[in-house]
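What follows is a single structure, written as structure tokens, with notes after it.
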Amino acid sequence: QVQLVESGGGLVQAGGSLRLSCTASGRPFSSYAMAWFRQAPGKGREFVATIGWSGVKSYADSVKGRFTISRDSAKNTVYLQMNSLKPEDTAVYYCNVSPQIVTTAGNFGSWGQGTQVTVSS
């Protein structure tokens with residue numbers, strides 16, 4: 001049973017930065033891909049960024065150049081550094097893990113509680 005615990009969200013002004021963390025437990029995940037998704041009020045859960053076990057990264061077009069995903073495989077932890085935040089980045093942010101890179105939220109059966117990010121204009 002995978003457990004996911006996200007943290008680091010908060011309230012920030014537009015143009016500001018936040019760093020999210022997510023720790024997975026239940027088994028070693030060094031050979032797994034780790035990813036971030038987000039869900040804004042009234043919208044579906046969307047892909048944000050992912051990092052494979054080898055370090056290959058992929059980003060949604062809406063966050064390219066502003067967000068950076070990284071991982072510490074020894075700690076089963078994935079990070080999301082978010083810079084130049086915009087009001088449209090406001091959402092609950094979730095992480096997940098998978099044996100291979102997945103960018104569709106519907107492929108995952110369980111999620112953590114997420115962490116709220118609110119960007120004021």
Side-chain angles (χ1 to χ4, degrees):
Q1 183 77 11
V2 176
Q3 291 187 324
L4 303 160
V5 179
E6 301 93 344
S7 62
L11 173 63
V12 64
Q13 289 188 331
S17 298
L18 283 173
R19 188 189 191 215
L20 307 183
S21 300
C22 170
T23 299
S25 61
R27 61 165 294 162
F29 293 104
S30 59
S31 63
Y32 278 52
M34 305 183 84
W36 286 97
F37 294 80
R38 67 186 181 186
Q39 187 165 15
K43 296 187 177 181
R45 196 163 298 184
E46 65 174 6
F47 167 73
V48 175
T50 185
I51 182 167
W53 63 270
S54 64
V56 65
K57 303 175 184 180
S58 180
Y59 297 92
D61 288 343
S62 58
V63 306
K64 280 181 182 176
R66 301 188 298 121
F67 291 10
T68 302
I69 190 171
S70 60
R71 66 188 292 168
D72 185 335
S73 293
K75 296 181 179 180
N76 279 351
T77 299
V78 62
Y79 306 97
L80 187 68
Q81 177 66 44
M82 305 187 297
N83 298 328
S84 303
L85 282 161
K86 305 175 181 180
E88 50 264 43
D89 294 318
T90 295
V92 179
Y93 284 70
Y94 302 87
C95 72
N96 221 312
V97 296
S98 57
Q100 53 197 14
I101 287 181
V102 173
T103 60
T104 305
N107 284 67
F108 297 98
S110 62
W111 298 86
Q113 84 289 349
T115 186
Q116 175 71 48
V117 171
T118 302
V119 184
S120 62
S121 57

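Contact check for E46 versus Q39: no side-chain heavy atoms found under the 4.5 Å cut-off. The side-chain heavy atoms of F37 and W111, taken from C-beta on, include a pair separated by under 4.5 Å.
Note on V63: it clusters hydrophobically with V12, by side-chain heavy-atom contacts below 4.5 Å among ILVMFWY residues. Under the 4.5 Å side-chain heavy-atom criterion for Ile, Leu, Val, Met, Phe, Trp and Tyr, W36 and V2 are members of the same hydrophobic cluster.
Distance alone, capped at 3.5 Å, is enough to place a donor-acceptor pair between the Q113 side chain and the E6 backbone. Between the side chain of R66 and the main chain of S84, a donor-acceptor pair closer than 3.5 Å is present. When atom types are taken as modelled, the side chain of R71 and the backbone of G52 share a donor-acceptor pair closer than 3.5 angstrom. Judged purely by atom type and a 3.5 angstrom limit, T118 has no side-chain atom pairing as donor or acceptor with the backbone of T90.
Taking the side chain to side chain donor-acceptor pair (under 3.5 Å) definition, one finds that D61 meets it with K64, sequence neighbours left out. Residues that satisfy the side chain to side chain donor-acceptor pair (under 3.5 Å) test with S17, not counting sequence neighbours, are N83. By the side chain to side chain donor-acceptor pair (under 3.5 Å) test, K43 pairs with no residue at all, sequence neighbours left out. Applying the side chain to side chain donor-acceptor pair (under 3.5 Å) test to S120 and every residue at least two apart in sequence or in another chain returns nothing.
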Donor-acceptor contacts under 3.5 Å from residues 93-102 side chains, at least two apart:
from, atom 1, to, atom 2, distance (Å)
Y93, OH, R38, NH1, 3.0
Y93, OH, D89, O, 2.7
N96, ND2, S110, O, 2.9
S98, OG, Q100, O, 2.5

Pairs of donor and acceptor atoms involving the side chains of residues 18-31, under 3.5 Å and at least two apart or interchain, shall be tabulated with distances.
from, atom 1, to, atom 2, distance (Å)
T23, OG1, T77, OG1, 3.0
R27, NH1, Y32, OH, 2.8

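Among residues at least two apart or in separate chains, there is no salt bridge (charged side-chain N to carboxylate O under 4.0 Å, His left out) pair with a member in residues 96-105. Here ring-ring contact (aromatic ring centres under 6.0 Å, His included) pairs that include residues 1-23, with residues two or more places apart or in two chains, number zero. Sequence neighbours left out, not one pair with a member in residues 52-91 passes ring-ring contact (aromatic ring centres under 6.0 Å, His included).
The two atoms that bring V117 and M82 nearest to each other are CG2-CE, 3.8 Å, heavy atoms only. For P87 against S121, the heavy-atom pair with the smallest separation is CG-CB, 3.9 Å. The shortest heavy-atom contact between I69 and A35 is CD1-CA, 4.5 Å.
Atom NZ of K57 has more than 12 heavy atoms from other residues, nucleotides or ligands within 6.0 Å.
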